[in-house]
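Note that ligands are numbered from 1 as they come in the structure, with each ligand's atoms numbered from 1 the same way. Note that the numbering runs from 1 along the sequence shown for the chain. Please read these numbers as outputs of a predicted model, since none were measured by experiment.
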Amino acid sequence: MSKLLIVGTVAFDAIETPFGKTDKILGGAATYISLSASQFGVESGIVSVVGGDFPKEYFKKLNAKNINTDGIEVVEDGKTFFWKGKYHNDLNSRDTLITDLNVLADFNPIVPKKFSQPEFLMLGNLHPAVQMAVINQIPVRPKLVVLDTMNFWMDNTWDQLMEVIAKIDVITINDEEARQLSGEYSLVKAAQKIYKMGPKYVVIKKGEHGALLFHEDNVFFAPALPLEEVFDPTGAGDTFAGGFIGHMAKTEDISFENMKRGVIAGSNLASFCVEKFGTERMETLTHNEIQERLLQFKLLTQFDIELG
Ligand code: AMP
């Protein structure tokens with residue numbers, strides 16, 4: 001049985017940043033999530049869909065990291081989901097230029113038997129009806145269900161998104177999306193409104209300004225590491241989510257205290273993702289590099305102060 005099941009897009013991305021451009025490279029929410037989570041050595045598998053145009057070597061890249069791809073359906077006469085984005089000069093914001101759903105448009109996910117009882121479920125960014133269809137195929141509720149989504153699905157599939165949000169434990173979204181979802185400008189008020197929709201934990205990603213974890217009246221803040229070079233932020237949010245769920249699945253402790261460590265683990269991995277275009281940096285990342293940077297995170301946030 002697979003311990004961690006990941007649902008999300010497996011995609012072609014075309015990216016433009018102030019530092020360069022790429023044509024159709026490997027991307028997608030499930031791709032980034034799984035590469036990130038693979039650093040924790042938990043058995044994982046993806047449920048997704050691609051077209052006949054998807055290169056076989058991309059499966060091999062994932063399999064090389066021990067990520068099971070049996071649940072990625074290949075529609076031979078279809079085209080893979082395609083996303084094109086362009087970053088602004090500050091790299092904190094981007095415009096989506098193209099979202100071609102292609103084979104995702106009428107995807108009916110089938111969870112392979114081997115993955116039908118995951119202990120941890122990561123519902124990565126894709127159509128909420130697909131996220132729901134996966135939940136419905138899992139008879140025993142996983143220990144933790146985490147969902148990531150984006151403005152595209154809020155704009156186009158609000159009701160279906162609300163149905164799935166009602167079923168999850170943790171939502172990870174960026175600050176703009178939290179505001180859109182809740183209709184509140186204050187992120188504290190936004191989190192409180194989002195609790196009422198279902199999730200007991202709300203993680204709000206703020207790009208280079210770190211991430212906030214809300215639970216009841218508690219808030220935890222994880223900074224983003226100040227980096228010398230940021231090349232391409234694509235996938236940082238998914239890499240963060242993959243690091244979070246990877247840590248939770250490895251430690252099997254779903255307490256708020258451990259979620260704080262999960263948020264740090266996610267921020268740490270996301271800091272690598274942005275250093276190169278696409279998935280490149282995540283493919284070469286080593287355990288030692290991760291450990292060294294975790295230490296930098298500790299040093300960044302540790303201080304001693306006397307309370308008067
Ligand atoms: P992030 O930078 O973490 O928000 O994620 C970027 C990834 O999300 C890219 O690799 C895209 O392929 C994927 N993506 C973009 N738009 C969507 C969408 N509407 N649904 C699912 N995945 C998407």
Side-chain angles (χ1 to χ4, degrees), residues 6-17 22-37 46-51 54 58 62 79-88 91-105 107 109 122-131 134 146-158 160-161 164 171-178 180 203-208 211 224 230-245 266-267 269-282:
I6 298 161
V7 188
T9 43
V10 173
F12 284 135
D13 287 350
I15 305 160
E16 198 174 326
T17 82
T22 66
D23 201 21
K24 294 201 170 178
I25 56 171
L26 172 63
T31 306
Y32 283 102
I33 293 168
S34 60
L35 285 173
S36 180
I46 298 179
V47 168
S48 191
V49 64
V50 293
F54 192 75
Y58 286 172
L62 297 171
K79 282 169 77 180
T80 300
F81 174 87
F82 173 60
W83 176 78
K84 182 171 182 173
K86 183 176 176 181
Y87 287 85
H88 301 160
L91 290 176
N92 269 333
S93 50
R94 70 183 177 205
D95 293 326
T96 287
L97 304 179
I98 302 175
T99 303
D100 281 340
L101 295 180
N102 296 330
V103 286
L104 188 65
F107 175 45
M122 178 73 226
L123 299 169
N125 192 12
L126 88 180
H127 199 305
V130 175
Q131 294 174 322
V134 169
V146 180
L147 174 138
D148 189 271
T149 188
M150 73 187 283
N151 51 359
F152 182 87
W153 303 112
M154 292 178 204
D155 293 338
N156 297 304
T157 55
W158 179 265
Q160 286 158 304
L161 185 60
V164 68
I171 186 167
T172 70
I173 41 179
N174 71 29
D175 41 1
E176 222 179 289
E177 290 153 358
Q180 181 171 352
V203 178
I204 302 182
K205 303 169 281 184
K206 287 157 62 73
E208 68 167 334
V230 177
F231 222 71
D232 169 21
T234 307
D238 302 314
T239 301
F240 172 91
F244 176 79
I245 194 109
S267 302
L269 285 160
S271 79
F272 289 102
C273 175
V274 302
E275 287 181 339
K276 293 205 172 149
F277 261 111
T279 56
E280 205 184 328
R281 187 67 179 98
M282 297 312 289

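For the pair Ser36 (side chain) and Tyr32 (backbone), a donor-acceptor distance under 3.5 Å is absent. The main-chain N or O of Phe231 is never found under 3.5 Å from a side-chain atom of Glu275 such that the two would form a donor-acceptor pair. Here the side chain of Asn174 pairs a donor or acceptor atom with the backbone of Glu176 at under 3.5 angstrom. With hydrogens and angles disregarded, no donor-acceptor distance shorter than 3.5 Å links the side chain of Asp95 to the backbone of Lys86. Judged purely by atom type and a 3.5 angstrom limit, Ser48 uses its side chain to pair as donor or acceptor with the backbone of Gly8.
If you check which protein heavy atom lies closest to atom 20 (N) of ligand 1, you get Trp153 NE1, 3.1 Å. The shortest contact between atom 8 (O) of ligand 1 and any protein heavy atom is with Asp238 OD2, 3.9 Å. Nearest to atom 4 (O) of ligand 1 among the protein's heavy atoms is Arg94 NH2, 2.9 Å. The closest protein non-hydrogen atom to atom 9 (C) of ligand 1 is Asp13 OD2, 3.1 Å. When only non-hydrogen protein atoms are considered, atom 2 (O) of ligand 1 lies nearest to Gly235 N, 2.7 Å. The nearest protein atom to atom 17 (C) of ligand 1, hydrogens excluded, is given as Met150 SD, 3.4 Å; this is a heavy-atom distance. The shortest contact between atom 21 (C) of ligand 1 and any protein heavy atom is with Asn125 O, 3.1 Å. Regarding atom 22 (N) of ligand 1, its nearest protein heavy-atom neighbour is Thr9 OG1, 2.9 Å.
With sequence neighbours left out, the side-chain hydrogen bond (donor to acceptor under 3.5 Å, both in side chains) criterion links Asp148 to Thr172, Lys205. Residues passing the side-chain hydrogen bond (donor to acceptor under 3.5 Å, both in side chains) test with Tyr58: none are found, sequence neighbours excluded.
Between Thr31 and Leu62 there is a side-chain heavy-atom pair separated by less than 4.5 Å.
Assignment of Phe240 to the shell around ligand 1 is not supported, since no heavy atom sits closer than 4.0 Å. Proximity of Tyr32 to ligand 1 is established by a heavy-atom distance of less than 4.0 Å. For His127, the heavy-atom gap to ligand 1 stays at 4.0 angstrom or more.
If you take CD1 on Ile25 and CD1 on Ile15, they are separated by 4.0 Å, rounding to the nearest 0.5 Å.
In the candidate list Phe12, Phe81, Tyr87, Phe81 is nearest to atom 14 (N) of ligand 1, counting heavy atoms.
Interface atoms of ligand 1 facing Gly237, defined by a heavy-atom separation under 4.0 Å, are 3 (O).
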